[in-house]
Amino acid sequence: MVEQNDNRTRGVVGQAWMVPSGVHAHEAGASQPRQLPRRPDRFVGRTDDLALISATGTCVLHGTAGVGKTALAVYFGYQAAERFPDGQLYADLRGFAQGLPADAADVLRGFLLALGVPESSVPPGESARAAAYRSAIADRRILVVLDNVRDSAQARPLLPGNRASMAVLTSRHRLDSLAAREGLPHLRLDLLTPADAHALLVHRLGAERSRAEITVVSALVQACARLPLALCLLAARASAEPSTSLAQVEGELRDERSRLDNLALGEDDTDLRAVFSWSIRALPPDAARLFRLTAVNRGPDVTLPAAASLAGVKEPTARSLLRRLVSSGLLEEHSPGRYRSHDLLRVYAAELLSEVGDEGEQARHRLLDHFLHTGLAANRSHARFRQGIDPAPPVRGAVVVPSDSLTDANTWFADERLNLIMAAEDAASHRLDTYAWQLPWVMTTHLYRHGHWADLITVQRAAGAAAARSGDTAAQARARRDLGRVALRLGRYSEATDHHLEALALCTASGDILGQAHSHYAVSLVLERLGSFEESVSHAESALELYRTKGNDAWRAAALNRLGSALTAAGNHRVARKYCLEALEILVTLEDHYYQAHALTTLAMIDHRLGAHGDAIIRFQTCVKLWRAFENRFEEAAALHRQGDAHQASGDAQSAQQVWSEALAILDGLGHVDAETIRTKLRTQPSSTDSTGDAPQVAGC
């Protein structure tokens with residue numbers, strides 16, 4: 001990746017191999033230094049990186065500790081030897097090692113001597129030596145490799161001045177000052193690809209041993225986070241212990257608490273913990289603190305607000321600290337505003353965090369409150385009339401991000417889904433039971449509507465267990481209802497019934513009127529799907545009566561629509577229409593477009609069953625537009641499915657095929673079993689005037 005504009009890149013490429021007219025690249029009698037370290041015995045991968053260095057010319061090669069910057073720079077030097085017939089200069093500037101970094105004046109002295117300048121002619125002082133160095137190579141084509149550069153000031157005097165020569169700098173920092181003042185592009189070196197990491201480990205272990213335990217090699221690559229240094233250390237250990245199977249080594253590496261110990265060979269330059277520590281020592285204290293606090297977040301990455309919450313600082317301060325960590329190679333901004341580190345650095349951050357008392361626990365509460373209260377704000381846009389929860393105010397230092405629209409809410413939930421799931425799991429593992437059931441509640445609507453049903457089951461099972469531990473009956477009932485909803489959506493009717501009846505029993509025992517209403521509503525929905533229409537109507541009537549006692553118009557409208565759906569399923573279409581129209585009138589007044597779509601769906605089904613297929617088609621088309629606007633893919637597919645049934649019943653087989661195909665594509669994408677029902681219809685083009693019983697069931701509110 002070249003981190004500069006295209007014009008600058010073209011300028012560097014255009015200058016990289018130019019030799020000024022009249023200059024002899026290789027003069028007789030001139031010293032030809034060959035200072036590169038030993039050539040790697042076999043270099044794996046990095047083809048694109050090598051091509052980019054070759055095309056770019058003088059550049060800064062930066063990346064995290066152990067990612068293979070030195071190996072790449074040295075390998076490039078050997079590959080490009082013919083382009084630089086006057087030699088190669090190399091210096092380890094010790095920017096990230098124990099002891100003091102190399103002094104530029106001392107390095108310049110060594111370069112001058114290697115270039116054939118008599119020791120008596122080496123001037124004193126950095127500036128004079130830098131001028132002499134530039135003069136010495138002015139008429140030569142030299143490759144200069146400056147390894148482990150600490151900062152721009154250390155490297156600047158060592159850069160060749162002529163355009164025929166080239167320098168490759170390696171650093172854990174980006175050296176932004178060199179980019180700004182000298183126009184040097186910086187190329188980020190990432191972790192090895194899975195294929196290249198696998199190839200490197202197989203090469204180091206030996207083909208015979210790798211073949212004998214080939215299934216273990218991939219797990220070892222993952223345990224080493226595809227970091228070249230870790231892979232080489234692992235291979236060295238395995239070679240030193242031939243009687244230890246790779247499976248035994250992999251088993252030891254599973255435990256994160258001892259992983260770095262099991263990858264250490266006893267010397268600082270082959271000890272990941274020591275190598276990582278050199279980067280940390282170069283940081284200011286507040287940046288080092290944020291790095292270790294990132295271990296609190298168990299999800300794949302952190303955003304700026306999450307990082308600010310972890311550190312308990314304002315977002316501008318957090319942004320500055322994140323930039324410092326990115327520049328130091330300890331974090332990667334893998335997409336705009338999202339930061340992560342590889343697994344071995346996460347393990348190291350956790351070790352550092354364990355050494356500083358309760359700092360991690362305080363950060364955990366701030367992060368959980370960031371997710372919980374930001375999620376609550378987003379959930380209000382998602383489901384304005386869903387029964388809410390009343391969490392404690394966020395702790396000081398937690399950043400709460402407002403959600404200004406449904407689009408904002410959907411984007412936030414989609415981006416943070418894995419982080420939210422892992423945060424809920426982390427809360428449960430630390431017995432923070434209130435967070436452990438409230439976070440699943442916050443994310444349930446998004447998971448349900450966007451087809452993440454397996455995730456929903458996982459988090460709600462954990463939520464129910466957390467609620468039971470804390471003795472919160474209402475929270476247990478919520479978890480049961482949400483598990484029942486997803487069981488119904490997946491066609492597991494018996495399981496759905498059990499969940500909803502258990503929720504009803506919990507709410508009845510605790511005197512929770514609203515919870516009872518929600519449970520009656522849900523039981524009615526399941527019973528309708530099972531074909532127990534009279535019981536479905538009875539539970540819908542109970543839900544409506546209980547909602548009326550609470551005086552909430554939105555829930556009353558939902559119950560009216562539920563009763564209408566149960567009645568039309570039982571064959572009482574005209575009475576059903578009356579209830580649904582009353583529900584729709586309330587929802588229009590409330591400007592609740594989401595649940596208007598549910599009411600319109602029921603009315604369209606009634607039209608279809610009464611033979612008014614044209615009216616049904618128009619209503620279903622409206623529903624499709626509404627569900628699409630809400631990004632509810634399943635309900636969109638359900639409406640398309642029913643619309644196709646109405647087209648087929650009206651004799652328009654071509655339109656039926658078209659909308660069924662659209663529905664099938666959505667359901668296949670969701671992995672839903674109802675896709676097979678539509679696939680069958682597409683093959684057979686049924687002529688039944690009432691096939692809505694096979695369509696995906698509207699789950700209601």
Side-chain angles (χ1 to χ4, degrees), residues 12 15-40 53-54 56-61 69-95 97 99-171 175 178 182 184:
V12 172
Q15 297 172 8
W17 313 117
M18 290 176 60
V19 180
S21 60
V23 171
H24 299 286
H26 178 50
E27 297 180 355
S31 175
Q32 300 173 39
R34 297 286 188 266
Q35 294 188 338
L36 291 179
R38 180 178 178 272
R39 181 174 185 160
I53 296 171
S54 180
T56 302
T58 294
C59 61
V60 177
L61 187 62
K69 301 180 292 295
T70 298
L72 178 60
V74 170
Y75 186 74
F76 171 77
Y78 281 101
Q79 292 289 95
E82 292 184 0
R83 296 179 176 179
F84 303 100
D86 298 311
Q88 305 99 31
L89 296 170
Y90 173 88
D92 181 356
L93 301 188
R94 302 193 307 273
L100 295 174
D103 182 72
D106 293 338
V107 174
L108 286 166
R109 177 181 177 276
F111 280 179
L112 288 170
L113 294 176
L115 290 167
V117 176
E119 186 165 4
S120 59
S121 298
V122 175
E126 178 184 297
S127 297
R129 289 178 180 178
Y133 162 64
R134 289 191 294 272
S135 297
I137 64 173
D139 295 341
R140 306 191 197 186
R141 284 184 286 179
I142 295 280
L143 175 67
V144 183
V145 176
L146 303 176
D147 200 14
N148 292 315
V149 178
R150 183 179 182 86
D151 54 37
S152 299
Q154 185 190 34
R156 188 170 280 113
L158 306 174
L159 296 175
N162 66 325
R163 293 181 295 175
S165 295
M166 173 181 171
V168 177
L169 291 69
T170 76
S171 180
L175 308 183
L178 289 180
E182 276 77 17
L184 264 65

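For the numbers below, each heavy atom of this structure counts, side chains included, while hydrogens, waters and symmetry mates do not.
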Exercise. Considering residues at least two apart in sequence or located in another chain, which fulfil the salt bridge (charged side-chain N to carboxylate O under 4.0 Å, His left out) criterion with Arg150?
Worked result: none

Problem set entry | Verdict with reasoning, Thr70 to Tyr90, per side chain to side chain contact (heavy atoms under 4.5 Å, CB included) | CA-CA 11 Å; Thr70 298; Tyr90 173 88; 4.3 Å; yes

Exercise. Atom CZ in Arg94, atom CG in Asn148: separation rounded to 0.5 Å?
Worked result: 10.0 Å

Exercise. Do any pairs count as a ring-ring contact (aromatic ring centres under 6.0 Å, His included) and have a residue in residues 127-150, sequence neighbours left out, and if so which ones?
Worked result: Phe111-Tyr133

For this session: Please name the pair of heavy atoms, one in Thr170 and one in Ala73, separated by the smallest distance, quoted to 0.1 Å.
Result: CG2-CB, 3.7 Å

Exercise. Taking all non-hydrogen atoms of both residues, which atom of Leu113 and which atom of Pro118 are closest, and how far apart?
Worked result: CD2-C, 4.3 Å

Exercise. So, Arg39 versus Gln79: side-chain donor-acceptor pair below 3.5 Å or not?
Worked result: yes

Problem set entry | Contact check, side chains of Leu184 and Leu175, non-hydrogen atoms, under 4.5 Å | no

Exercise. Does anything in residues 103-120 pair up under side chain to side chain donor-acceptor pair (under 3.5 Å), and if so which pairs, sequence neighbours excluded?
Worked result: Arg109-Glu119

For this session: Can you see which heavy atom on Pro160 is nearest to which on Ile137, and at what distance?
Result: CB-CD1, 3.4 Å

Exercise. Among pairs that include at least one residue of residues 145-166, which meet ring-ring contact (aromatic ring centres under 6.0 Å, His included), considering only residues two or more places apart or in two chains?
Worked result: none

Seminar exercise, completed: In short, ring-ring contact (aromatic ring centres under 6.0 Å, His included) pairs touching residues 146-165 with sequence neighbours left out are none

Exercise. At what distance, to the nearest 0.5 angstrom, does OG of Ser165 lie from CG of Leu159?
Worked result: 11.5 Å

Seminar exercise, completed: Nearest heavy-atom contact between Gln35 and Ala114 is NE2-CB, 3.2 Å

Seminar exercise, completed: In this structure, OH of Tyr78 is separated from CZ of Arg38 (nearest 0.5 Å) by 9.0 Å

Exercise. Under the side chain to side chain contact (heavy atoms under 4.5 Å, CB included) criterion, do Ile53 and Met166 qualify, and how do the steps go?
Worked result: CA-CA 10 Å; Ile53 296 171; Met166 173 181 171; 3.7 Å; yes

Problem set entry | Reported CD-to-CG distance for the pair Gln32 and Leu115, which is rounded to 0.5 angstrom | 11.0 Å

Exercise. Considering residues at least two apart in sequence or located in another chain, which fulfil the ring-ring contact (aromatic ring centres under 6.0 Å, His included) criterion with Tyr75?
Worked result: Phe43

For this session: Verify, without hydrogens or angle tests, whether Asn162 (side chain) and Asp139 (backbone) share a donor-acceptor contact under 3.5 angstrom.
Result: no

Problem set entry | Euclidean distance, Leu93 CG relative to Leu169 CG, rounded to 0.5 Å | 8.0 Å

For this session: Provide the closest heavy-atom pair for Pro157 versus Ala104 in the form atom of the first, atom of the second, distance.
Result: CG-CB, 4.2 Å

Exercise. Hey, what do you get for CD (Gln88) to CZ (Phe76), rounding to the nearest 0.5 Å?
Worked result: 10.5 Å

Problem set entry | Working for side chain to side chain contact (heavy atoms under 4.5 Å, CB included), residues Leu36 and Val145 | CA-CA 8 Å; Leu36 291 179; Val145 176; 3.7 Å; yes

Exercise. Looking only at heavy atoms, what is the nearest atom pair of Pro123 and Arg129, with distance?
Worked result: O-NE, 2.7 Å

